[in-house]
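Lettering of chains follows the sequences in order, A, B, ..., and the numbering in each one begins at 1. As the structure is a prediction and not an experimental result, all values here were calculated from the model.
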Protein chains: 2
Amino acid sequence: MISRVESAAATRRSLLDAAAALLGEGGPEAVTLREVGSRAGVSRGAPYRHFDDKDHLLTAVATEAWDALADEAVALSADPARPAHDKLRAMLSGLLAIGRERPHLYRLMHRPPAAEEMLRAAARSQVPFLAVLGDLVGPDRAHHYGALLLTSVHGILGMEASGQLTREKWRTDADEILETLLGALPAD
Amino acid sequence: MISRVESAAATRRSLLDAAAALLGEGGPEAVTLREVGSRAGVSRGAPYRHFDDKDHLLTAVATEAWDALADEAVALSADPARPAHDKLRAMLSGLLAIGRERPHLYRLMHRPPAAEEMLRAAARSQVPFLAVLGDLVGPDRAHHYGALLLTSVHGILGMEASGQLTREKWRTDADEILETLLGALPAD
DNA sequence: CGTTAAAGTTGACGTTGTCATCTGAAAGGT
DNA sequence: ACCTTTCAGATGACAACGTCAACTTTAACG
């Protein structure tokens, strides 16, 4: 038997899934509360029982995505078998994958002004990221190089998405740029 | 006496200015065709005499911003007195200034999917940029390092804007990251 | 001077986010 | 067992928005 709170939680989950699906299919303008409700099997007003407004719903979607990414990073960093440089590449690839395969979600995750709740989820992945980087360049340099790598990946994805980073225009691509940066990491 | 085409051109200019002003004041959601028309002294339907739709108006605003940036870059690169590394810093600072002082405009200039017209304007600044960079690292490496620098600046601005690049979190900031990259430029 | 083309206005329509109000049923106390 | 509370959900309504069609006005031109 399903209790009332269980049913409400299921609706909330359906709303989040529907919003994420619509975002992936048709971009931000395809995410209307009416369609979200419809896909979740409820009416247009139902989302207001679970989220303050549309913005909070989207923030929740972005927060879940950051949480999933943080979980991946934690799992990666805990693996004792993989070499550190391999873990680092895997983490950066995880970000690149979201940016390329789910660009609308990626943009949502970086939309200003960022909600405090979402920033906390995004910050969770920093710990494992810095741990792996600390193994490579030493704990002192980890912060600085971590920021450099993350901003670079973010910039690469942004300019790729807006069509300003093309191979024909720059005679290079994201992978080459990243290799240059990774190759320049001080070996400690 | 003002001719009809002059008046029409003036209206078009007012519409662009109004849209840019509204964007700067209240962000994208403040830019409504009704308010744009109102500020330009015309009605809500008038913009359709000058732009296909709202999207084309915004594209025109972004295109003008790219053009202005390209003009600055061209002027900079033509200055024989300034040293090359100084010109490079000035060009990157121009981008940083827009990103920080007019974040909504900056985001508009990088909004996907980018219009072909806007991409052409954005590409105009590539020539002077590569020229300056060629003086520093040689023409062969200019493309590669140019892409690296531009994506880095773009990434820095994006993560700054979304609150994910803070000094407390990464013990560093945009200037330090850029100095690291500029310091790593091969002196040819 | 009549014709034409284009700038601008206005009414209307569909869509959207949001709120107020109403309904129904599960939860919990007596 | 009954009554009360609470909350998920449905629905009607409203304002704002982008957009289109129809209309008006006026400069330009043969």
Side-chain angles (χ1 to χ4, degrees), chain A residues 1-62 104 107-108 111-113 115 118, chain B residues 1-62 104 107-108 111-113 115 118:
Chain A
M1 196 56 181
I2 51 166
S3 73
R4 182 161 61 161
V5 298
E6 282 166 352
S7 152
T11 299
R12 191 188 140 93
R13 182 95 297 276
S14 298
L15 290 170
L16 288 167
D17 291 343
L22 285 168
L23 184 68
E25 294 168 20
E29 63 248 36
V31 185
T32 70
L33 287 184
R34 285 166 161 83
E35 185 61 24
V36 167
S38 173
R39 290 220 184 179
V42 292
S43 75
R44 69 183 188 271
Y48 287 91
R49 291 290 135 190
H50 301 273
F51 306 95
D52 286 357
D53 53 19
K54 182 180 183 177
D55 212 69
H56 284 74
L57 167 61
L58 292 175
T59 295
V61 170
H104 299 298
R107 271 179 80 81
L108 181 66
R111 171 187 62 155
M118 196 204 72
Chain B
M1 193 56 180
I2 52 168
S3 74
R4 181 162 62 163
V5 299
E6 282 167 349
S7 153
T11 299
R12 190 188 140 93
R13 184 95 296 277
S14 298
L15 290 170
L16 288 168
D17 292 342
L22 285 168
L23 184 68
E25 295 168 18
E29 64 249 37
V31 185
T32 70
L33 287 183
R34 285 164 160 85
E35 185 62 23
V36 167
S38 174
R39 291 221 184 178
V42 292
S43 74
R44 68 182 190 273
Y48 287 91
R49 292 289 133 192
H50 302 273
F51 306 94
D52 286 357
D53 53 19
K54 182 180 182 178
D55 213 70
H56 283 74
L57 167 61
L58 292 175
T59 294
V61 170
H104 299 298
R107 272 178 80 80
L108 181 65
R111 171 187 63 153
M118 197 203 71

Which is true for [X] with a 4.0 Å heavy-atom rule: it touches a base, it touches only sugar-phosphate, or it touches nothing?
| X | result |
| --- | --- |
| B/Val31 | sugar-phosphate |
| A/Ser43 | base |
| A/Ala46 | sugar-phosphate |

Problem set entry | From C/dA12, C/dG17, C/dT9, nucleotide with atom closest to A/Arg34 side chain | C/dG17

Exercise. Any idea which of C/dG8, D/dG9, D/dA13 is nearest the B/Thr11 side chain?
Worked result: C/dG8

Grab the [atom1]-[atom2] distance between [X] and [N] for me, whole Å please.
| X | N | atom1 | atom2 | answer |
| --- | --- | --- | --- | --- |
| B/Glu35 | D/dG18 | CD | P | 11 Å |
| B/Asp53 | C/dT15 | CG | C1' | 16 Å |
| A/Lys54 | C/dT15 | NZ | P | 15 Å |
| B/Tyr48 | C/dT10 | OH | P | 16 Å |
| B/Leu15 | D/dG18 | CG | P | 13 Å |
| A/Glu29 | D/dC17 | CD | C1' | 15 Å |
| B/Asp52 | C/dA7 | CG | P | 13 Å |
| A/Leu33 | C/dT18 | CG | C1' | 9 Å |

Problem set entry | B/Asp17 (side chain) donor-acceptor with B/Ala20 (main chain) under 3.5 angstrom | no

Exercise. Ignoring hydrogens and geometry, is there a side-chain-to-backbone donor-acceptor pair from B/Ser14 to B/Ala10 under 3.5 Å?
Worked result: yes

Indicate yes or no: at least one non-hydrogen side-chain atom of [X] is less than 4.5 angstrom from one of [Y].
| X | Y | value |
| --- | --- | --- |
| A/Arg49 | A/Val42 | no |
| B/Phe51 | B/Leu16 | yes |
| A/Glu35 | A/Arg39 | yes |

Exercise. Within the structure, does a side-chain N or O atom of B/His50 lie under 4.0 Å from either OP1 or OP2 of C/dG8?
Worked result: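 Affirmative; the distance criterion is met.
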
Problem set entry | Residue whose closest nucleotide on DNA chain C lies nearer the 5' end, A/Gly45 versus B/Gly45 | B/Gly45

For this session: Using the closest heavy atom to pick a nucleotide of DNA chain D for each, name whichever of A/Arg49 or A/Arg44 lands nearer the 5' end.
Result: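 Of the two residues, A/Arg49 wins.
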
